[in-house]
Amino acid sequence: MEQLLREALAAAISSGALPALPPGIGEPDVDVARPPQQAKADLASSVALKLARPLRMAPLAIAAAVAASLEASAGASAVIGSIEVAHPGFINLRLTPGFLERSLDAVRTAGAAFGRVEVPGRHHVNVEFVSANPTGPLHIGNARGAFVGDLLCRVLEAGGREVTREYYFNDFGSQVMNLGASVLAIANGTDLPEDGYRGAYVHELAAELPDELVAATAASPDQATSIVGQWASERVRAGIEASLERLGVTFDVWFTESTLHREGWIQRAIERLQAGGHLFEQDGALWFRSTAFGDDKDRVIRRSNGAYTYFGADIGYVINKFERGFDHLIYLWGADHHGTVARNRNAAEAMGYDRSAVEMLLIAWVRFVRDGQDVSMSKRAGEFITLDDLLEEIGVDAARWYFAARATTSSIDFDIEAAKDPTAANPVHYVRYAHARISSILRKAAEAGLGPADSLDGTLAGDEVAQGLAREILRLPDVVGDAALAQETQGVTAYATELATVFHAFYRDRRVVDPEALETSRARLALVDAARLALASTLGLLGISAPDSM
RNA sequence: GCGCCCGUAGCUCAGUGGAUAGAGCGUUAGGUUGCGGACCUAAAGGUCGUGGGUUCGAGUCCCGCCGGGCGCGCCA
């Protein structure tokens with residue numbers, strides 16, 4: 001469609017209806033957007049408004065010239081039904097019923113592939129998220145990052161990207177030692193360390209310590225904390241993986257910090273930075289000159305005691321990821337980590353990478369509330385409520401929807417009572433219900449020996465209601481493309497609600513299965529089947545179930 | 001003090017510089033002898049925190065201020 005407009009614009013210029021573009025303007029931004037409802041059009045463009053200044057012409061005159069040229073275009077006639085110029089210079093287009101019919105036939109041929117598109121951008125994407133250290137079960141503070149990360153991956157994949165889901169964790173640091181010491185203390189009945197872990201899961205771990213492990217710690221007492229820590233953290237990690245799977249979130253790679261040390265990635269990063277003259281030593285520590293790239297402070301990579309900082313490991317990880325063939329690194333971090341964004345991107349740039357290929361998305365805070373009261377902490381256990389508890393109460397579909405519908409940069413109140421509402425007053429179930437309703441209709445028709453028509457050819461003309469549903473179905477690829485580019489899913493949930501609404505209205509106004517009109521019934525079954533495909537594709541994009549009955 | 005994020009309907013939130021700022025919930029008033037009423041229609045509800053600026057056009061971009069959150073380690 002943009003192509004058609006661009007050609008019409010070029011034709012208008014070459015025919016002399018419009019003056020040539022002044023040099024230095026470059027390709028005009030030929031946008032095709034969705035017009036507001038009152039415009040009663042399928043597509044709208046504001047090219048004329050944007051060209052008003054460079055062409056030094058009234059927007060309405062430009063729009064008229066482009067519209068005339070579009071009207072005369074042979075390629076447009078089968079697609080564009082009517083063209084209208086609206087104040088102050090919009091070009092509104094309406095698609096022909098024939099184009100809608102052909103497009104819907106293509107949708108039904110594509111089946112489950114409908115809604116997958118190819119958007120421009122970096123192709124091999126690594127998305128690192130959750131990355132909570134395995135020292136305790138995931139709690140509701142991890143919920144948003146887990147869902148948003150997975151949603152982002154799904155949207156990128158639907159946009160044609162190849163995505164690797166990666167979980168990074170610390171497997172040998174002080175936190176793991178602390179976990180080992182805590183488990184040991186409970187097992188031995190001694191006092192917990194000062195800042196030891198004291199949740200119920202620590203007691204469970206202590207009770208489950210295998211005999212071989214107890215024997216091993218007895219054989220080498222100075223290694224006891226480490227041995228138990230390793231064992232316990234692996235147990236906890238496996239529990240985290242199981243929790244995530246219950247959310248429908250699976251990872252392709254579980255990456256340990258120790259790998260970065262063992263395989264020399266941090267050393268490699270240091271050499272790279274050293275060669276570029278980006279490092280200096282001071283007070284016995286090794287520093288990265290982050291201020292050279294606009295940071296407000298320089299940053300320590302290796303402490304004076306010889307140990308690498310977290311930042312040191314981070315930059316080794318950057319090299320590792322790029323060496324594995326990714327050309328786009330996305331990190332989902334809690335908003336509290338925003339202070340570390342600049343140094344990481346600076347280091348990536350200093351190592352010779354394009355800083356725009358290293359992207360940190362900050363996930364804003366969630367306040368879980370019930371009747372206006374904060375419920376993040378469990379009163380009973382005195383610790384954060386676990387992710388498992390939350391999911392048990394509200395369900396995966398509702399939780400996914402809740403996070404998908406909100407911008408990640410906005411801190412939100414998660415109303416548990418609203419989210420767990422199982423009725424159609426809850427948008428997620430309203431949409432799921434639409435899918436179930438269509439499935440029911442198709443089922444009923446099949447029982448009566450009635451199947452959808454092979455083609456919708458010639459069935460939409462004159463039926464504004466059916467055309468309205470068709471237009472809504474056909475918006476999906478644009479919605480997916482926008483989502484993939486924006487790396488956000490709010491548009492997808494909004495679309496899902498609108499599609500369901502349009503379908504319900506269609507259902508009210510048009511009887512699908514009518515024994516008195518078999519041909520019409522078959523055509524409507526085909527239309528409704530396309531709607532079902534669009535709903536299933538949309539819900540699948542969100543990781544939400546599309547049931548055949550509820 | 002400096003930096004980042006946020007402030008939009010009673011509530012929870014959308015809103016790639018474009019047309020009369022939207023959705024869900026809640027409130028109010030209606031609708032069905034039919035394929036799933038878990039549905040549909042309509043109404044009320046807004047100084048887009050605030051004051052300037054840029055622009056043909058600003059909820060959106062820039063600056064100041066107010067309010068809220070988070071950061072500012074040789075911690076992780």
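Numbered from 1 within each chain, the chains take letters A, B, ... in sequence-line order. Model, not experiment: these values are computed from the prediction.
- Toward the 5′ end of RNA chain B lies the nearest nucleotide of A/Ile91, the other residue of the pair A/Ala445 and A/Ile91 mapping further downstream.
- Residue contacts for A/Ile412: at a heavy-atom cut-off of 4.0 Å it reaches the sugar-phosphate backbone alone, with no base atom in range.
- In this structure, A/Thr409 reaches the B/C6 phosphate: one of its side-chain N or O atoms is under 4.0 Å from OP1 or OP2.
- Ring to ring, A/Tyr317 and A/Phe255 are close: their centroids are under 6.0 angstrom apart.
- The ring of A/Phe90 lies on top of the base of B/A19, close enough and flat enough: under 5.5 Å between centres, under 30° between planes.
- Whole-Å rounding puts the A/Trp333 CH2 to B/C5 C1' distance at 16 Å.
- Rounded to whole Å, the separation between the P atoms of B/U27 and B/G17 comes to 37 Å.
- Shown are A/Val236, A/Ile240, A/Asn170; of these, the side chain to side chain contact (heavy atoms under 4.5 Å, CB included) with A/Asn133 is made only by A/Asn170.
- The nearest whole Å value for the distance from the CZ atom in A/Phe506 to the P atom in B/G34 is 18 Å.
- Taking atom P on both B/A23 and B/G15, the two are 15 Å apart, rounded to the nearest angstrom.
- Taking atom P on both nucleotides, B/G57 is separated from B/G18 by 14 Å, rounded to a whole Å.
- Nearest nucleotide to the side chain of A/Val512, out of B/C39, B/A19, B/C35: B/C35.
- Taking side-chain N and O atoms only, A/Thr423 has no distance below 4.0 Å to OP1 or OP2 of B/A38.
- The shortest distance between the side-chain N/O atoms of A/Ser411 and the OP1/OP2 oxygens of B/C5 is not below 4.0 Å.
- Using a 4.0 Å heavy-atom criterion, one finds that A/Pro427 contacts the sugar-phosphate atoms exclusively.
- Among B/A19, B/C35, B/C39, the nucleotide with an atom closest to any side-chain atom of A/Arg437 is B/C39.
- Sequence neighbours left out, the pairs with a member in residues 303-313 of chain A that pass side-chain hydrogen bond (donor to acceptor under 3.5 Å, both in side chains) are A/Gln267-A/Tyr308.
- Judged by Watson-Crick or G-U wobble contacts below 3.5 Å, the nucleotide B/A43 has B/U27 as its partner.
- Residue A/Gln282 is in base contact, counting any heavy-atom pair closer than 4.0 Å across all strands shown.
- Here A/Asp548 lies in heavy-atom contact (under 4.0 Å) with a base.
- Taking side-chain N and O atoms only, A/Lys297 has no distance below 4.0 Å to OP1 or OP2 of B/C72.
- As judged by a 4.0 angstrom heavy-atom cut-off over every strand, A/Tyr507 is placed among the base-contacting residues.
- Looking at heavy-atom distances under 4.0 Å, A/Pro59 makes no contact with the nucleic acid at all.
- Within the nucleic acid shown, A/Ala407 comes within 4.0 Å of sugar-phosphate atoms alone, with no base atom in reach, counting heavy atoms only.
- Look at B/A9: it lacks any Watson-Crick or wobble partner with both distances under 3.5 angstrom.
- Between A/Trp287 and A/Phe280, the ring planes are parallel. Angles under 30° get that label, and only those over 60° would be called perpendicular.
- No contact: A/Asp295 has no heavy atom under 4.0 Å from any strand.
- As judged by a 4.0 angstrom heavy-atom cut-off over every strand, A/Ala285 is placed among the base-contacting residues.
- No engagement by A/Glu498 is indicated, since no non-hydrogen atom pair under 4.0 Å with the nucleic acid exists.
- Using N1 to N3 plus N6-O4 or O6-N4 for Watson-Crick, or N1-O2 and O6-N3 for G-U wobble, each under 3.5 Å, B/G17 pairs with nothing.
- Within 4.0 Å (heavy atoms only), A/Ala486 reaches no atom of the nucleic acid at all.
- With rounding to whole Å, A/Glu488 atom CD is found 13 Å from B/C13 atom C1'.
- Contact annotation: A/Gln490 reaches the phosphate of B/G15 (side-chain N/O to OP1 or OP2, under 4.0 Å).
- Within the nucleic acid shown, A/Asn170 comes within 4.0 Å of sugar-phosphate atoms alone, with no base atom in reach, counting heavy atoms only.
- Phosphate contact (OP1/OP2 of B/U32, side-chain N/O of A/Arg511, threshold under 4.0 Å): absent.
- Per the geometry, CZ belonging to A/Arg508 stands 17 Å off P belonging to B/A38, to the nearest Å.
- Side chain of A/Asn346 to main chain of A/Ala342: a donor-acceptor pair is present (N/O by atom type, distance under 3.5 Å, no hydrogens or angles).
- The backbone N or O of A/Asp31 sits less than 3.5 Å from a side-chain atom of A/Ser45, completing a donor-acceptor pair.
- When heavy atoms are screened at a 4.0 angstrom cut-off, A/Arg299 is found touching no nucleic acid atom at all.
- With hydrogens and angles left out, the side chain of A/Asp336 and the base of B/A76 share no donor-acceptor pair within 3.5 Å.
- The base of B/G3 sits with one of its N or O atoms less than 3.5 Å from a complementary donor or acceptor on the side chain of A/His338.
- If you check every strand for non-hydrogen atoms under 4.0 Å, A/Ala86 touches a base.
- In this pair, A/Phe368 and A/Phe403 present their aromatic rings perpendicular. The plane angle is above 60°, beyond the 30 to 60° band.
- A/Tyr495 has no side-chain polar atom (N or O) that falls below the 4.0 Å cut-off from OP1 or OP2 of B/G22.
- Rounded to an integer number of Å, the gap from A/Asp296 CG to B/C4 P is 10 Å.
- Remark: the separation of the P atoms in B/C48 and B/C39 is 34 Å, to the nearest Å.
- Nucleotide B/C61 is matched to B/G53 when pairs are restricted to Watson-Crick or G-U wobble geometry with both distances under 3.5 angstrom.
- Comparing A/Lys444 and A/Asn133 by the nucleotide of RNA chain B whose heavy atom lies nearest to each, the residue mapping closer to the 5' end is A/Lys444.
- The distance from atom OH of A/Tyr402 to atom P of B/C25 is 13 Å, rounded to the nearest whole Å.
- Here, B/G1 and B/A9 have their P atoms 29 Å apart, quoted to the whole Å.
- Atom name P, nucleotides B/G46 and B/C11: the rounded distance is 12 Å, in whole Å.
- The partner of B/C35 is absent, by the rule that a Watson-Crick or G-U pair needs both atom distances under 3.5 Å.
- Residue side chain A/Ser304 reaches the base of B/C74 through a donor-acceptor N/O pair under 3.5 Å, judged by distance alone.
- Following rounding to the nearest Å, A/Met550 (CE) and B/A38 (P) show an atom-to-atom distance of 11 Å.
- In this structure B/C4 sits in a base pair with B/G69, meeting the Watson-Crick or G-U test at under 3.5 Å.
- Checked against the 6.0 Å centroid threshold, A/Phe129 and A/Tyr167 do not count as a close aromatic pair.
- To the nearest whole angstrom, the two C1' atoms, one in B/C63 and one in B/G10, are 34 Å apart.
- B/U54 and B/A58: their C1' atoms are spaced 10 Å apart (whole Å).
- Within the structure, every side-chain polar atom (N or O) of A/Arg443 is placed at least 4.0 Å from both OP1 and OP2 of B/C35.
- Atom CG in A/Asn426 sits about 11 Å away from atom P in B/G26, given to the nearest Å.
- With rounding to the nearest 0.5 Å, the separation of CG in A/Asp171 from OG1 in A/Thr259 is 6.5 Å.
- When ring centroids are compared, A/Tyr331 and A/His337 stay outside the 6.0 Å threshold.
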